[in-house]
Each structure stands twice: as C-alpha cells, then as structure tokens.
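Computed from a prediction, not measured in an experiment: that's the story for all the values here.
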Amino acid sequence: MKHSKKSKALYIAYIAMLFVFFYLPIVVLMVFSFNSSKSLTNMTGFSLRWYSRLISDGSIMKAVYVSLTIAIFATIISTVLGTITAIGLSKSRKVVKDVVLNINNLPIMNPDIVTAISLMILFSSAVIVKGYLTMLLAHIAFCTPFVITSVYPKVRQLDPSIADAAMDLGATPFEALVKVIIPMLRDGILAGVLLAFTMSFDDFVISYFVTGNGVENISITVYNMTKRTNPSINALSTIVILVIVLLIVLSKLIPGLLKKTFRMIMSGLLVLVLIFTVFTGIKGNGKTLRIFNSGEYMDPELIENFEKQYDCKVIYETFDSNETMYTKLMSGSEYDIIIPSDYMIERLIKEDQLQPVNWNHITHKDEIDPANMGYAFDPTNKYSVPYFVGTVGILYDKNVVDEEDLKDGWELLRNPKYAGDIYMYDSERDSFMVALKALGYSMNTTDRKEIKEAYDWLIDQKKNMDVVYAGDDVMDNMISGNKAIAVVYSGDATYIMAENDDLEFLEPPEGTNEWCDAMVMTKSCRDTELAEQFMDYMLEYDNVCTNTYFVGYTTPVVKAREDLRTGEYDGIDAYMPNFGAKNNEVFRYQDTDLRAYYSDLWTKVKAY
C-alpha cells in the first residue's frame, strides 16, 4: 500500500515536471510581453507598449490577415479535395488505390525545404507571378494529403452498401453523399480540417519560397523580426495563445454555443475575406516599386511616406540572408531595388544581374562619406549606393576583461583566462575572417594552406575555449551579461552598448571586415527613375536619421552620422567604426570551388 502511494506520488511528480517543461517557456514568453524594456531576459517593469506597437504595426496586421485568409481558403479547398479523393479511392481498384496512396505519402514524408524549392521552380517555370495566389496553391498542395490521410480510414470503416441503401430509399447520389456518407465521416473530416488549418497557419519554409509581391504571413514576418530584438513577437504570441486557450475553454463549457458562434464567425470572415481580396486585387495604374531588403532593416514609416510623396505603391519584401536573396532572385522573382552586402553585390555584377545607377539623379551624393565609397566590390560605385556601413569587432565587458589583454587583438578569443565566456558570431565568412586576421592573412585569401590554418585555429579555439556560436540572440545575451566577450557587428554593438553601460567595443589592430550594404537596381527594374528617387530619398538627412535610429547601424551620410554620434549614440564608440583602417578589408566574391571548400571546413568546425 505504501509502495503504491509512493509510486503514485512519483507518477504525479513526473507529470508535473513534464508540464512545467512544456509550458514554462510559454509562461515566460507571456510575462516578458509586458516588459517595459526591449530585453527578453531582464524584467524592468510592467508596460503595454509592445501591444500598442503590435496594433499600430501595419505589416504585422497585414501578415495576420494573410495567414488567416490563406489558412481558411486552403482548409476549405483541401478538405473538399481530400474528402472526395478519399471516397473515390474506396471505390477504386486495388492497384490504383495503392499507387495513389503511395503518391499521397510523398509530400507528407518530404522535408519542407524540398517541397518549397520544387513549388518555387514550378511557379517560376509556369511564369506565375509569386504572391497571394502562389502561396494559396502551395498550401492547398501540402494540406490535401493530410486531409486524405485523416478521412480515408473512416471511409474504409463504412459499409459499402450504405450508399446503395440510401438511393434505394429515394435519395439521389448527391443526397446520399451529403446526407448519409459525409455525416458518417464527420470525425475524420473534422480531424482533417483542424490538421489542414494548423499546418497552413503555422507554415514558414514553403511560404517563404513561394511568396512574392510583398505578401507575407505571420511566420515569415516573425522570422524577419527575429533579426533584431523585437518584443512585439512576445505580444503577438501571447494573443495567439490566449485565443487558443479561450476556444478550448469555450468548447468544454458551452459546446453548442461555440459551434453556432464558430459558424457565424467563419461565415462573416469568409464574406469579408472575399470582399477584401476582390477589391485589393483590383490594381490601379499608379507607379510601383519592388524592394527586397534584409529583415528589420528599414523603418516602415519611411516606406509609407515615400508612397505619399511620390504617389506610388511600394511592394516591400524581406530576406534573412544574402544567399536566400540570391536564390529567390535566380528563381525568377523580380525586384527593382535590392539591398545586399558587398560580396553579393560583386557576384551580381559579375553575373550581369544589375544595371548602372545614374548618379545625376542622386542629389545627395555629395553628403556621403568618401571613405564609404569606392570599395573593391564596386570601385567606381557604378552600380551601388551605400545604405549602411560598419565593421566586425569584439564587444567586451570592461569589468571582466583586463585592459592589457586587449593588446592581443583577435587572439583575445583564445586567451585561456576567458574560456567559456565567449560568443563567436555564427557566420562562416566572419568566423574565418577572425582566424585569418589573427594569423596575419588576408580574409579574402584563396590560398588553401592559409585557409586550412584558419580552420585549425577555429578548431583549437573551440576545443580549448568552450566558445558558443550565436546569431542575433547574442544581443540580448550580452545585454544581460551572460558572457563577457562576443564577436559582433558594430551596429549590433551600438544597440547592445546603449542597453548595457559596462560594455566596450574593440576593433583589433590586425584588421577586420569593413562591410557595406548598398542599394542596387536589378536588370528587371521597370521604373529606374522611381528607383533612383527612392535611393536619393533614403539619403535625405531626416530620413537617414529616422532609419538609423530604427536600425542602429552606421549611416554613410556624414552630417547625420556626426549628429547621431553626439546625440542618440553619444559615448558609444561602436557607432563610429574606424573606417579605412590600414588592415581592414571588404569581403570579395568567391568562386564555386572556393565556397564549397570553405563550406566543408565550416561544417566540420560546427560539428566538432
């Protein structure tokens, strides 16, 4: 008896721990959605500022609309298709049935990335303009197999003579289907509906590759928001969680009322969605500018103001990396302006993907710092207009790191004194840059012996220093003081130092990556005059200050940079990197073989 009680107590404790493990992160997220500061780990006070920002952020509300409407349409269509297919399979010959069911399993078993690339190539080959329609078609394609899988087992349980009996009693084939067969399949259909809606609403990978024309769902928007610390994500997630909890509670307390309410809401949503979709699908004759930029890398208000000022429509899309941008561009997606990094611009120039900028139309060109012009990737700035500039350096806690140790430059990252207290930036090129510069080599070297030495440097560091490779999450971790040293971009260092006064920024004397992101026009640009007006608009003093304050990176416009350095970013050295330092370099284009060699070594570093 005592043993039984003890076992029961252990079982309850185990279940409690399991629930804590599952739900504690959600509780933490909800608590920090009310945090008054940007920090995701340091609670500074109660505030509703992130909910206010969420409601006022048009891009997020638009993404909610896209997610809901796509999920609703995809669920309805895939449920109809899946149910009809499941019923049809029950009447098919065994060989046909086996073939169709095996084919149906392929999309379910395929990795999402394979399905995404396949659909992207299909839409590009069929010359279908990417946007709302392509996302909807893609969602229908991957939801339907799940509906078939949910409904077909229920169909197999039916007595084959039921339909015949209904028709013998005077029902038409359609009436037999609607009034007899489908009601008996209700549980399977409902399971398919819930699965299809959840899969569609939650999808990111497939949506990311098949969309275009500024159409983004919640998953894409949230993913792009994670490029910078943005607590609005917490507010959005909290609202979604509360809505789900409310629906679950209502379904248990008042199931009948919930069903009626749900039907009314769904009917109203469908009517509104159809009306909104039809009217927003009517295109005007105005000018349109298509911009492709990194996530969280431009103040949305600037886009709205540009639309008003130039009486045009801006279709703004975001990417998470230069490589993803390149993939979408090569897949047939068309843009007027893209904002990639230096080495990618050089690659696009070599592949004849860009067209020259008419600098006579860039009226603010003389306000750009000459030190941020004429980089090796575009020596005469024939194709590129600088957007943001900066360097990569070492962010360190001045209360932990000895000043004498700073003289070691990049070798500080291998000082045993700071083992287990270092974040390396999770970037192949920047990590190899650190190692190559520490060894005294060019970060653009093509000598495989030197690259191999850099690989050994990184392996030795990882083995002896217990370093952690981190992405954008390094910002909040350094603000919270989780480690004393981190390799970061100067713009990120500026943001972090504004939140933590104990941190300083070091650019090692061996030199570093001096990067430049720039605005360029693609070969497919339809309105070069409007594109150049936008480039010039982004160099205007007020717009530069607004954008720089929103992003936190260093502007190439001298007056705005000086005013911000002595104003918003006073005392933050990272905002004004040492441009043009003797050993600084800009990343250059790598050919296919060299990229493959680096990639292979990087995989080994990460797996070590």
Side-chain angles (χ1 to χ4, degrees), residues 289-294 297-298 302 306 314 316-319 321-326 328-330 333-392 429 444 489-491 513-540 543-544 547-548 551 553-558 560-561 577 579-580 584-590:
L289 186 67
R290 302 160 300 168
I291 301 174
F292 204 21
N293 192 12
S294 183
Y297 212 36
M298 184 179 293
L302 292 177
F306 180 81
V314 174
Y316 185 76
E317 292 184 49
T318 55
F319 55 83
S321 70
N322 285 281
E323 286 66 33
T324 302
M325 178 279 299
Y326 180 81
K328 293 198 74 173
L329 194 64
M330 292 301 104
S333 298
E334 294 186 345
Y335 305 96
D336 299 311
I337 293 176
I338 55 177
I339 307 178
S341 299
D342 31 51
Y343 71 93
M344 184 56 68
I345 294 174
E346 184 175 7
R347 180 176 186 177
L348 294 172
I349 292 172
K350 287 181 180 292
E351 296 178 2
D352 195 28
Q353 297 294 326
L354 305 180
Q355 58 179 301
V357 175
N358 186 343
W359 279 91
N360 292 327
H361 296 161
I362 310 299
T363 62
H364 297 87
K365 59 180 178 292
D366 294 333
E367 298 169 25
I368 300 174
D369 188 345
N372 301 133
M373 298 282 281
Y375 286 114
F377 64 89
D378 186 14
T380 61
N381 284 94
K382 180 179 179 180
Y383 299 95
S384 59
V385 177
Y387 180 68
F388 277 124
V389 290
T391 60
V392 175
R429 296 206 70 174
N444 291 306
Y489 287 106
S490 56
N513 166 21
E514 184 174 323
W515 57 266
C516 174
D517 294 345
M519 299 176 281
V520 296
M521 286 192 300
T522 66
K523 280 280 187 178
S524 61
C525 180
R526 297 172 186 171
D527 191 337
T528 57
E529 182 181 355
L530 184 63
E532 288 164 346
Q533 286 173 333
F534 181 81
M535 291 176 171
D536 195 47
Y537 168 84
M538 293 304 296
L539 295 177
E540 291 178 15
N543 297 334
V544 167
N547 202 35
T548 302
V551 177
Y553 277 52
T554 307
T555 173
V557 177
V558 177
R561 184 162 72 197
F579 293 118
N584 285 2
E585 296 179 81
V586 176
F587 276 131
R588 303 298 303 277
Y589 168 73
Q590 296 174 336

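- A heavy-atom distance below 4.5 Å is found between the side chains of Q533 and L530.
- S524 contributes a side-chain N or O that, together with a main-chain N or O of Y335, makes up a donor-acceptor pair within less than 3.5 Å.
- No side-chain heavy atom of N584 sits under 4.5 Å from any side-chain heavy atom of F579.
- If you take CD1 on I339 and CE on M535, they are separated by 8.0 Å, rounding to the nearest 0.5 Å.
- Atom CD of E323 sits about 15.0 Å away from atom NZ of K328, to the nearest 0.5 Å.
- We find the NZ-CG distance between K523 and L354 to be 8.5 Å, quoted to the nearest 0.5 Å.
- Looking at Y387 and N547, their side chains do bring a donor and an acceptor atom within 3.5 Å of each other.
- The side-chain heavy atoms of D342 and Y375, taken from C-beta on, include no pair separated by under 4.5 Å.
- Here the CG-CG distance, from L539 to D366, works out to 11.0 Å after rounding to the nearest 0.5 Å.
- Within the 3.5 Å criterion, the main-chain N or O of R588 finds no donor-acceptor partner in the side chain of E346.
- Closest heavy-atom contact between D336 and C525: OD1-CA, 3.2 Å.
- Ring geometry for F388 versus Y297: interplanar angle of 30 to 60°, hence tilted.
- With hydrogens and angles disregarded, no donor-acceptor distance shorter than 3.5 Å links the side chain of N513 to the backbone of V392.
- Residues P340 and M325 come closest through the heavy atom pair CB-CE, 3.7 Å.
- A heavy-atom distance below 4.5 Å is found between the side chains of L348 and Y326.
- To the nearest 0.5 Å, atoms OH (Y316) and CG (L302) are separated by 9.5 Å.
- For E351, the salt bridge (charged side-chain N to carboxylate O under 4.0 Å, His left out) partners at least two apart in sequence or on another chain are R347.
- A donor atom on one side chain and an acceptor atom on the other are not found under 3.5 Å apart for N293 and T318.
- When all heavy atoms are compared, the tightest approach of P556 to N372 is CA-OD1, 3.7 Å.
- Here the side chains of I362 and V357 are in contact, with some heavy-atom distance below 4.5 Å.
- For the side chain to side chain donor-acceptor pair (under 3.5 Å) test, no residue two or more places apart in sequence or in another chain qualifies with Q590.
- Side-chain atoms of P386 and N381, non-hydrogen and from C-beta on, do get closer than 4.5 Å to each other.
- Distance check, rounded to the nearest 0.5 Å: OG1 of T548 to OH of Y553 gives 12.5 Å.
- Using a 4.5 Å heavy-atom threshold, the side chains of Q355 and T528 count as touching.
- Counting only residues at least two apart or in different chains, salt bridge (Lys or Arg N to Asp or Glu O under 4.0 Å) contacts with residues 367-385 comprise D369-R561.
- Nearest heavy-atom pair, M521 versus P356, reported as atom, atom and distance to 0.1 Å: CE-O, 3.3 Å.
- Nearest heavy-atom pair across S341 and N322 is N-OD1, 2.9 Å.
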(message) One pair to check against side chain to side chain contact (heavy atoms under 4.5 Å, CB included): R429 and N444. What are the steps and the verdict?
(response) CA-CA 9 Å; R429 296 206 70 174; N444 291 306; 3.7 Å; yes
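- Around CD of E529, the count of heavy atoms belonging to other residues, nucleotides or ligands within 6.0 Å does not exceed 12.
- With a 4.5 Å cut-off on side-chain heavy atoms, F377 and C516 count as touching.
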